[in-house]
Participant: 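The structure's right below; bear with me while I get my questions together.
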Amino acid sequence: MKISEDKTTNDNERYIYINASFEIPDELRNKDLALYASYIKSADKVWINGTYIGSSGKFPPHPFGCGVRAHYYFIPKATLNQNKENKLLIKVWVANYKKISSDIFIGEPEDALKKSAFKTFYTTKVNIFFSGLMFVVFLIYCSMFFSLRKNTDCNDYMIFALLNIHTLMFNIPFYAMELPSISALNVSYLWFLKIFFCYGAMGAVYFANSFIIHFMKYEVDRKTYHLRYIITSLCTIIMLCAPSLKVLTILGPLAFVLNLSHFAITIPYLYKGLKDPERFHNAQKILMGFAPVIISIFFDLILRLLIRQRNLPFFTVYGWQLTILAFLKYILTEYNRMYLKNTELTNRLSEFNENLEEIVAIRTKELQDTNYVLSKGIEAVSNVQNNFLPQKTKQFMGWDLAITYTPISDNVSGDLYDYYTTNHKLEGIGIFDVSGHGITAGLMTILAKGIISQNFENGIAQDTPLNEVMQNINESYIREKLNVENYITGLLFRFGAFNKKEECTVECVNAGHPYPILYSSKTKKITEVKPAIANEQYGMIGIEGLNVSFSPTVFKMNKDDILICFTDGITETKNERNLEYGTSRIKKIVSDNADLSSQKILEKIEKSFRNFSDIDHLKDDTTLIVLKRNNSKDYIEEL
């Protein structure tokens, strides 16, 4: 085989000629034959013994590459010299590509057609199928975004839609000549590659990284946002300014590698997500979803750099498509879960409206197991509250608990405290403050207690994250309080098991409540328990339409550590000089008396509070909880 190349330097008119001679073996004489070529990325024309038998792609002056499909040319027996040498000539417009597949042969049409069909199927047909799927997904998720954006945060849907449309653009050059609408256009092949292949690749990388960050529920700061935007814009401009295919084949890979620096920005978010209990599952899904494309990248590197196999397609393309399908599954599953949840909530609300009196009666029985009716007034509400609140001093395995609780009028309070136990084991505590005063606030505490207890216990049974438990409490309270305007602030704690060092993990969510105080027996320091990032946590319970976030705060408690929480009726109480009691006095008392029991510490705070303020003329209910860690092995079950 002899290969010659012309000396033309114009990129659009650069050709090579493949000349080959062959004789027909006896078993193939007087038969039609066929030529098979694995792929020729640009365009080609084929002659046998001077007779033109076919072409692929388009030659200058309007050149267009034929992608990665296989080539099949039928050779009629009339064009062949049965007993003499035959001449094969292939003219190739190389478009600055330096390599042509070595997988070329002439044989029986059935063999060539079968191999061509198989090759074309997994290099072009599969890509056409996935592109069609991505276009449908793009339309569906755009529709979902525009229909849901007023009611919920659904930016994930639009980012996923844009990821699909840019991946589709990147795929088009692989099968462009299979689409008559594209191959019939006299468009510049250079600009076609710039817009679809290059810009599609840049956009796919950008939106893939955006999807990773949003999927894990992170907000990108303004500096990072601008940096990512500049990287993508710079890479895109570099490729769009390439004056020729030759320059594009040099600048394209460089710009693409530069664009991959997005992952250097995204990987730290992924690492943080793996360490964050709230985001761990989403970070795990990211790794599993990207596994196909990561594996296929290594597979391609091995094939091309080590084995030197260049006749196979880039498996990274198929790995990326599998990654898109994986995230499509994740998002559809989440959307289906949300849809079923909304349907369930709608059905429950409808049932509630239809059976209001029956539901109120059931709820009242669950809370009090009494025959009081809320309409009897303040006295009934007071009795109900006194009955449903648990005792104020209690010993649990590993815990010493003391509580003070003082309504400001008629023994009806808007404050609420509770603790949750299983077989003398303290599972959690809660402190809540209903807005307003009097009978309305008192009635809402009765409603809220049952909702909070039920959701907390369900959360324990189903291993639901504590922030989701608080979210469920918020949704249930909004649903069941009907038109009552009272909202609730509160703290909810969940306690883990003790390890061999008597250390216990505590998880806390805060719904707009004063920060609890934690005293460390090891460091002798006292701190407020609050999220590491203040804006990750906001909102109160019971305000319909308010976007809330109950990010969990996780910390450890060792033996003799002390946790104090309270309602704002204590810290915001003012004396005759218009000074607030605040938290500094509480912190000092706890630090100075950390070796005492929780009850003794509570009594000292109560005494300080009485000396500070006129307790006969308080303007708000007051509740204070002191919880101290002790040795779980010293616990003796009460008779």
Side-chain angles (χ1 to χ4, degrees), residues 36-41 56-57 64-72 101 103 112-145 157-185 187 189 192-193 195-205 207-208 211 285 288-297 299-300 303 310-333 335-336:
Y36 166 81
S38 180
Y39 65 86
I40 300 171
K41 291 183 180 179
S56 294
F64 206 91
C66 54
V68 295
R69 68 177 182 177
H71 297 253
Y72 169 83
S101 170
D103 188 11
L113 183 60
K114 182 178 179 180
K115 189 165 184 177
S116 174
F118 179 71
K119 178 80 173 183
T120 300
F121 172 76
Y122 70 77
T123 56
T124 61
K125 304 297 184 183
V126 171
N127 281 309
I128 292 175
F129 169 77
F130 275 105
S131 294
L133 177 62
M134 289 175 190
F135 185 68
V136 172
V137 171
F138 167 75
L139 295 178
I140 291 174
Y141 278 87
C142 280
S143 175
M144 290 167 59
F145 171 78
Y157 295 161
M158 178 52 70
I159 293 173
F160 190 69
L162 293 173
L163 174 59
N164 275 270
I165 201 66
H166 282 82
T167 302
L168 184 155
M169 293 174 64
F170 173 76
N171 278 347
I172 286 178
F174 290 104
Y175 56 81
M177 290 303 291
E178 300 288 328
L179 306 176
S181 58
I182 292 181
S183 60
L185 297 176
V187 297
Y189 187 53
F192 176 80
L193 290 179
I195 293 173
F196 287 94
F197 191 76
C198 297
Y199 173 71
M202 298 300 105
V205 171
F207 287 109
F211 181 77
K285 288 178 181 178
M288 293 176 64
F290 274 88
V293 70
I294 294 172
I295 293 172
S296 59
I297 287 173
F299 191 61
D300 277 333
L303 284 177
R310 302 184 185 276
N311 290 326
L312 294 173
F314 282 95
F315 290 97
T316 301
V317 175
Y318 306 117
W320 179 242
Q321 291 166 353
L322 291 176
T323 291
I324 291 288
L325 288 178
F327 286 112
L328 174 62
K329 173 185 176 295
Y330 291 151
I331 293 180
L332 285 176
T333 301
Y335 178 79
N336 184 59

Participant: Donor-acceptor pair, distance only, cut-off 3.5 Å: does the side chain of Thr120 make one with the backbone of Ser116?
Facilitator: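 Side chain of Thr120 to backbone of Ser116: a pair is present.
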Participant: Which value, rounded to the nearest 0.5 Å, describes the distance between Asn164 atom CG and Met169 atom CE?
Facilitator: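 Rounded to the nearest 0.5 Å, the CG-CE separation comes out at 13.0 Å.
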Participant: Tell me the closest heavy-atom pair linking Pro292 and Gly289, and the distance in Å.
Facilitator: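 Reported closest heavy-atom pair: CD-O, 3.2 Å.
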Participant: Can you find a heavy atom in the side chain of Gln321 that is under 4.5 Å from one in the side chain of Leu133?
Facilitator: no
Participant: Under the side chain to side chain contact (heavy atoms under 4.5 Å, CB included) rule, what do Ile165 and Phe207 come out as? Steps first, then yes or no, please.
Facilitator: CA-CA 10 Å; Ile165 201 66; Phe207 287 109; over 6 Å; no
Participant: Can you tell me how far CZ of Phe211 sits from CG of Leu163, rounded to the nearest 0.5 angstrom?
Facilitator: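 Those atoms lie 7.5 Å apart.
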Participant: Between the main-chain N or O of Val293 and the side-chain N or O of Ser296, is there a donor-acceptor pair closer than 3.5 Å?
Facilitator: yes
Participant: Find the distance between CZ (Phe129) and OG1 (Thr124) and round it off to the nearest 0.5 Å.
Facilitator: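 Phe129 atom CZ to Thr124 atom OG1 measures 14.0 Å (nearest 0.5 Å).
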Participant: At what distance, to the nearest 0.5 angstrom, does CG of Asn127 lie from CZ of Arg69?
Facilitator: 14.0 Å
Participant: Side chains of Ser131 and Tyr175: is there a donor and an acceptor less than 3.5 Å apart?
Facilitator: yes
Participant: Under 4.5 Å between any side-chain heavy atoms of Val205 and His166, yes or no?
Facilitator: no
Participant: Which of these, Phe290, Phe130, Phe170, sits in a side-chain contact (heavy atoms from CB on, under 4.5 Å) with Trp320?
Facilitator: Phe290
Participant: Do the rings of Tyr141 and Tyr157 sit parallel, tilted or perpendicular, given the 30° and 60° boundaries?
Facilitator: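 Judged by the thresholds at 30° and 60°, the geometry between Tyr141 and Tyr157 is perpendicular.
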Participant: Of all the heavy-atom pairs spanning Thr167 and Ala204, show the shortest one and how long it is.
Facilitator: OG1-CB, 4.0 Å
Participant: In terms of the angle between their ring planes, are Phe192 and Phe196 parallel, tilted or perpendicular, with boundaries placed at 30° and 60°?
Facilitator: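 Correct class here is tilted.
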Participant: At what distance, to the nearest 0.5 angstrom, does CD1 of Ile172 lie from CG of Leu168?
Facilitator: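 Ile172 atom CD1 to Leu168 atom CG measures 5.0 Å (nearest 0.5 Å).
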Participant: Kindly compute the distance separating OH (Tyr36) from NZ (Lys114), expressed to the nearest 0.5 Å.
Facilitator: 13.0 Å
Participant: Kindly give the heavy-atom pair with the smallest separation between Gly65 and Tyr189, and that separation in Å.
Facilitator: N-CE1, 3.2 Å
